[in-house]
Amino acid sequence: MLKIISQFQATAIWKTPSYACYLGEMAVKEGIDIRKELSIKRIFVAGEPGGSIPETRQRIEALWGASIYDYYGLSDIFGSCAGMCEEKNGLHWAEDHILVEVIDPESGEPIPEGGRGELVLTTLKKSARPMIRFRTGDIVSFTSDPCACGRTSIRILGVHGRLDDMLIIKGVNVFPSDIEAIARKDHDFTGEYKLIVERENHLDRLTVEVERSASFTGNDAELSARFARQLQSVTGVSAKVVILPADTLPRATHKAKRVEDRRTGVWS
């Protein structure tokens, strides 16, 4: 991929956020000066929440020296349903093609603007295969306020996660994207992380494995405590934090798998 980008002097690429990180890291390891030897100016990302997580977007932009734009689409409805403009303040929805609802996944009631709920979509112009109130399983928030770019369509303020990725730890809903924001913001970490859920004495326990950066020279225990404090502040959840050396966790070449659920016989 790096050879093709270099050979054809591509100015734009479309990736998952995880693969954009992986490809940039590989370029650095191969001794490629990304800003001088490659010509990438724009990176479009989709398939994962990362593109709408400011900390992740800024990390990728710094790595590539390029602007990141998040997109949303799903094959059941439409290839590209929503996209980010130059303001980078949410994804503009194609409302002339798709009716958007955000609901409480349990009650089915509408969620007010700014709240998190499940994205439900109805196609307006498909005749061969219309979809009526298709439940995406994606948890989003939205606003109908006009954007500074001048567009007035509904904007989704990022995909916070999927219902099947949501963890309930001691009664608190936690999404991997909540932890990602912490791991990407602090440059003493590589940004790679893994969540492990186990059940002990009828209670769910969360362990966060996170890599320290190769340049970090401090104390692992202090770094772990700092991450744990930030996690508690952002999510309200306490967790065991394990610090790993850089490049310990596998890199994703498609969609990253961040959660390992080790709970067995929960209801037995």
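For the single chain, residues carry numbers from 1 onward in sequence order.
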S.K.: Which ring-ring contact (aromatic ring centres under 6.0 Å, His included) pairs, counting each pair once, include a residue from residues 147-197, with sequence neighbours left out?
M.R.: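 Sorted pair list: Phe189-Phe227.
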S.K.: Output every pair passing salt bridge (charged side-chain N to carboxylate O under 4.0 Å, His left out) with a member in residues 122-134, not counting sequence neighbours, ordered by first then second residue.
M.R.: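 Sorted pair list: Glu101-Arg133.
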S.K.: Under the rule for salt bridge (Lys or Arg N to Asp or Glu O under 4.0 Å), what residues qualify as partners of Lys185, not counting sequence neighbours?
M.R.: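 Once residues adjacent in sequence are excluded, Lys185 has no partner under the salt bridge (Lys or Arg N to Asp or Glu O under 4.0 Å) criterion.
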S.K.: For Arg35, which residues count as a side chain to side chain donor-acceptor pair (under 3.5 Å) partner, sequence neighbours excluded?
M.R.: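 Residues passing side chain to side chain donor-acceptor pair (under 3.5 Å) with Arg35: none at all.
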S.K.: Residues in salt bridge (Lys or Arg N to Asp or Glu O under 4.0 Å) with Asp76, at least two apart?
M.R.: none
S.K.: Return the minimal non-hydrogen interatomic distance between Leu124 and Glu95, and the atom names on each side.
M.R.: CD1-O, 3.5 Å
S.K.: Using modelled atom types only, decide if a donor and an acceptor are shared between the side chain of Arg262 and the backbone of Arg199 within a distance under 3.5 Å.
M.R.: no
S.K.: State, to 0.1 Å, how close Ile77 and Cys81 come at their nearest heavy-atom pair, and which atoms those are.
M.R.: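 Residues Ile77 and Cys81, closest heavy atoms: CG2-SG, 4.2 Å.
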S.K.: Report the residues that fulfil side chain to side chain donor-acceptor pair (under 3.5 Å) with Lys36, sequence neighbours left out, ordered by chain and then residue number.
M.R.: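 With sequence neighbours excluded, Lys36 shows a side chain to side chain donor-acceptor pair (under 3.5 Å) to no residue whatsoever.
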S.K.: Just jot down the side chain to side chain donor-acceptor pair (under 3.5 Å) partners of Gln230, sequence neighbours excluded, or say none.
M.R.: none
S.K.: Under the salt bridge (charged side-chain N to carboxylate O under 4.0 Å, His left out) rule, what pairs show up with a residue in residues 221-230, not counting sequence neighbours?
M.R.: Asp186-Arg226, Asp188-Arg226
S.K.: Where do Cys85 and His92 come nearest, in terms of heavy atoms and distance?
M.R.: SG-NE2, 3.4 Å
S.K.: Just jot down the salt bridge (Lys or Arg N to Asp or Glu O under 4.0 Å) partners of Glu61, sequence neighbours excluded, or say none.
M.R.: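 Per chain and number, Glu61 pairs via salt bridge (Lys or Arg N to Asp or Glu O under 4.0 Å) with Lys88.
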S.K.: Could I get the full list of side chain to side chain donor-acceptor pair (under 3.5 Å) partners for Ser215, not counting sequence neighbours?
M.R.: Ser213
S.K.: Sequence neighbours left out, what passes side-chain contact (heavy atoms from CB on, under 4.5 Å) with Arg212? Give chain and number order.
M.R.: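 Arg212 satisfies side-chain contact (heavy atoms from CB on, under 4.5 Å) with Phe216, Asp220, Leu223, Ile243, Pro245 once adjacent residues are dropped.
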S.K.: Does the pair Glu209/Lys240 count as a salt bridge with the N-to-O cut at 4.0 Å?
M.R.: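 A salt bridge is absent here (no side-chain N lies under 4.0 Å from a carboxylate O).
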S.K.: I need the full list of ring-ring contact (aromatic ring centres under 6.0 Å, His included) pairs touching residues 51-87, with sequence neighbours left out, sorted by first then second residue.
M.R.: Trp14-Tyr71, Phe44-Tyr69, Phe44-Tyr71, Tyr72-Trp93, Phe78-His97
